[in-house]
Structure formats: structure tokens, C-alpha cells
Novice: 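Quick one: the structure is below, questions incoming.
Only this structure's heavy atoms are used, side chains among them; waters, hydrogens and symmetry mates stay out. Chain naming here is simple, since letters A, B, ... match the order of the sequence lines and numbering starts at 1 in each.
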Amino acid sequence: ACDEFTGHVINLLREQSRSRPISPAEIELMVGIIRRKFRAIETQLKQSTCEAVMILRSRFLDARRKRRNFSKEATEVLNEYFYSHLANPYPSEEAKEELAKKCGITVSQVSNWFGNKRIRYKKNIVKAQEEANMYAAATAAAAAAASSSTSGPGQSASVDEHSVGYGHSGYDYDESMGLQRAVPQLSCSTDHEAWMAGGITPSSMDEPDRKRSKL
DNA sequence: ATTCATGATTGGTT
DNA sequence: AACCAATCATGAAT
């Protein structure tokens with residue numbers, strides 16, 4: 001391109017040389033100027049595009065470290081699935097795809113979410129996963145609505161009256177267990193049946209458990 | 001400015 | 001390969 005342009009300039013100068021004497025030295029000088037200018041522009045262009053690429057890369061690939069909360073609806077859907085499969089909260093690949101589509105996120109995000117949810121659920125069995133009852137009630141209501149035809153007062157349970165004091169005073173193991181079982185589980189369990197095996201109260205509170213994660 | 005909540009990443013296990 | 005556990009990093013709430 002540079003050569004092409006200099007060629008044009010040379011032609012122009014030759015044309016002008018008819019009306020005005022132009023020395024070959026002058027032409028050489030012109031060519032030199034053009035060459036330098038082209039080099040400068042070239043490197044500058046290279047630099048700026050390189051910068052742009054770097055910026056774009058950090059925008060896109062580093063988007064991983066950027067965390068954007070999921071929409072309320074998405075978490076709603078995910079929680080609904082989680083709590084309605086509490087006995088075996090391991091969605092199949094297909095189910096993951098379904099959830100992903102429904103939530104507008106990727107399958108790996110769904111997997112991440114379930115991973116986080118499982119572990120974080122397990123960490124506070126003791127302290128109210130009242131959420132469970134919320135969603136259980138919701139799905140139960142839906143189910144009840146489906147079968148609420150002839151038989152009169154067969155209505156759903158209420159939500160509800162466990163005033164687990166907030167002021168973490170009592171050890172309410174029983175209640176937590178109750179909560180777990182209170183959930184309707186149509187579990188056609190496959191594998192991880194024992195995902196909450198035995199140990200309820202792993203190393204629960206007290207002591208140097210200065211971890212984060214409350215709720 | 002701190003603290004809590006939460007999605008993503010990492011390292012190790014099965 | 002999927003999972004768990006710990007940790008990181010950011011968004012939102014205080």
C-alpha cells in the first residue's frame with residue numbers, strides 16, 4: 001500500500017514537472033517523507049489494535065471473574081427444582097439443559113449453582129432452611145390445585161408457624177429433620193441417594209469455625 | 001467502610 | 001467426569 005501510494009505521488013510530481021521544474025532529489029525527499037509517515041501510522045495502528053484486543057479479551061474472558069447475580073426468576077426456578085428434588089438434588093444433563101434454557105444461563109452455571117446450593121444447604125441444616133418449606137408449599141399448592149376437585153376440605157398445609165427464634169438459642173435438630181421430611185419427595189432416586197448421609201451436624205457451630213456463610 | 005450473599009474458580013477425591 | 005470443599009471476588013445491604 002505504501003509503495004502504491006508513493007507511486008501515485010511520483011506520477012503526480014512528474015506531471016507537475018511539466019509546468020514547474022522538479023529535481024529528482026525533491027522526489028526522493030518526498031518519498032522519504034511518505035515512507036516515514038507510513039511506518040509511523042503502521043506502528044501506531046498496530047499498537048492501538050493490540051490494545052483494543054487486550055481490552056476485549058479482558059472484557060469477555062475475564063467475564064468469569066465478574067459475577068452478575070442471576071435474575072429473581074432464574075433463582076426461583078432453580079430453587080424450585082432443588083427443593084422439589086431435595087432427596088436427590090442432582091439434575092441430569094438433560095435437566096440441566098432444561099433449567100439452563102429456562103433461566104437464561106449456561107449448563108455449567110446450572111452445575112455451579114447446584115454445587116453451591118448443595119454445599120451451602122448442607123451447612124445450615126440446623127438453622128432453618130425455611131426456604132424449603134416455602135418452595136415445598138408452593139409446589140404443594142400447585143399440586144393441590146391440580147387435585148382440588150370434588151373432595152371438599154382437603155386443602156394444603158399452611159405456611160407456617162415455626163418460630164425458630166432467630167436468636168440461635170436452641171438446638172433444634174428435630175425440627176430441622178422435620179423440615180427435611182416435610183418436603184414432598186417424588187424421588188426416583190438413582191445414585192447419590194445418601195448425599196446427606198448420616199452426619200447431620202458435622203462440626204456445627206462453636207469453635208474456630210469462623211467461616212463465612214450464615215443464613 | 002463493613003458485612004453478608006452469591007456466582008465462579010481451584011484443588012483434591014471418588 | 002462429576003462432585004465437594006474451600007476460597008476468591010463482586011454485588012447488595014447495613
Novice: Have a look at A/F114 and tell me which of A/Y81, A/Y121, A/Y90 forms a ring pair (Phe, Tyr, Trp, His ring centres under 6.0 Å) with it.
Specialist: A/Y81
Novice: Using a cut-off of less than 4.0 Å, is there contact between a side-chain N or O of A/K123 and OP1 or OP2 of C/dA6?
Specialist: yes
Novice: Can you tell which of B/dA8, C/dC4, C/dA6 lies closest to the side chain of A/R120?
Specialist: B/dA8
Novice: Send over the distance from A/N124 CG to C/dA5 P, rounded to a whole Å.
Specialist: 13 Å
Novice: Rounded off to whole Å, could you give me the CZ-to-P distance for the A/R67 and C/dA9 pair?
Specialist: 13 Å
Novice: CZ of A/F114 versus P of B/dA8: gap in Å, rounded?
Specialist: 14 Å
Novice: Do A/V107 and A/I105 sit in one hydrophobic cluster, given that two such residues count as connected whenever their side-chain heavy atoms are within less than 4.5 Å of each other, even indirectly?
Specialist: no
Novice: Does A/E73 form a side-chain hydrogen bond (donor to acceptor under 3.5 Å, both in side chains) with A/S71? I'd like the steps, not just the answer.
Specialist: CA-CA 5 Å; A/E73 297 80 25; A/S71 70; 3.3 Å; yes
Novice: Roughly how many Å is it from CD in A/E76 to P in B/dT6, rounded to a whole number?
Specialist: 13 Å
Novice: Hey, is the side chain of A/K96 poking within less than 4.0 Å of OP1 or OP2 on C/dC3, counting only N and O atoms?
Specialist: yes
Novice: Mind checking whether A/F82 and A/W195 have parallel, tilted or perpendicular rings, split at 30° and 60°?
Specialist: perpendicular
Novice: Considering only C/dA6, B/dA8, C/dC4, which nucleotide approaches the side chain of A/N112 most closely?
Specialist: B/dA8
Novice: I'd like to check A/L78 versus A/C103 (side-chain heavy atoms, cut-off strictly below 4.5 Å). Are they in contact?
Specialist: yes
Novice: Relative to the 5' end of DNA chain C, which residue comes earlier, A/R68 or A/E93, by the nucleotide with the nearest heavy atom?
Specialist: A/E93
Novice: Roughly how many Å is it from OH in A/Y121 to P in B/dA5, rounded to a whole number?
Specialist: 17 Å
Novice: How close or far is atom P of B/dT9 from atom CD1 of A/I119, stated in whole angstroms?
Specialist: 18 Å
Novice: Quick one: is C/dA5 close enough that its OP1 or OP2 comes under 4.0 Å of any side-chain N or O from A/K122?
Specialist: yes
Novice: Roughly how many Å is it from CG in A/N79 to P in B/dG7, rounded to a whole number?
Specialist: 9 Å
Novice: Using heavy atoms to find the nearest nucleotide of DNA chain C for A/S111 and A/N116 separately, return the residue whose nucleotide is more 5′.
Specialist: A/S111
Novice: So, is A/Q109 close to the B/dA8 phosphate, meaning a side-chain N or O under 4.0 Å from OP1 or OP2?
Specialist: yes
Novice: Could you check how far OH of A/Y90 sits from C1' of B/dT14, rounded to whole Å?
Specialist: 12 Å
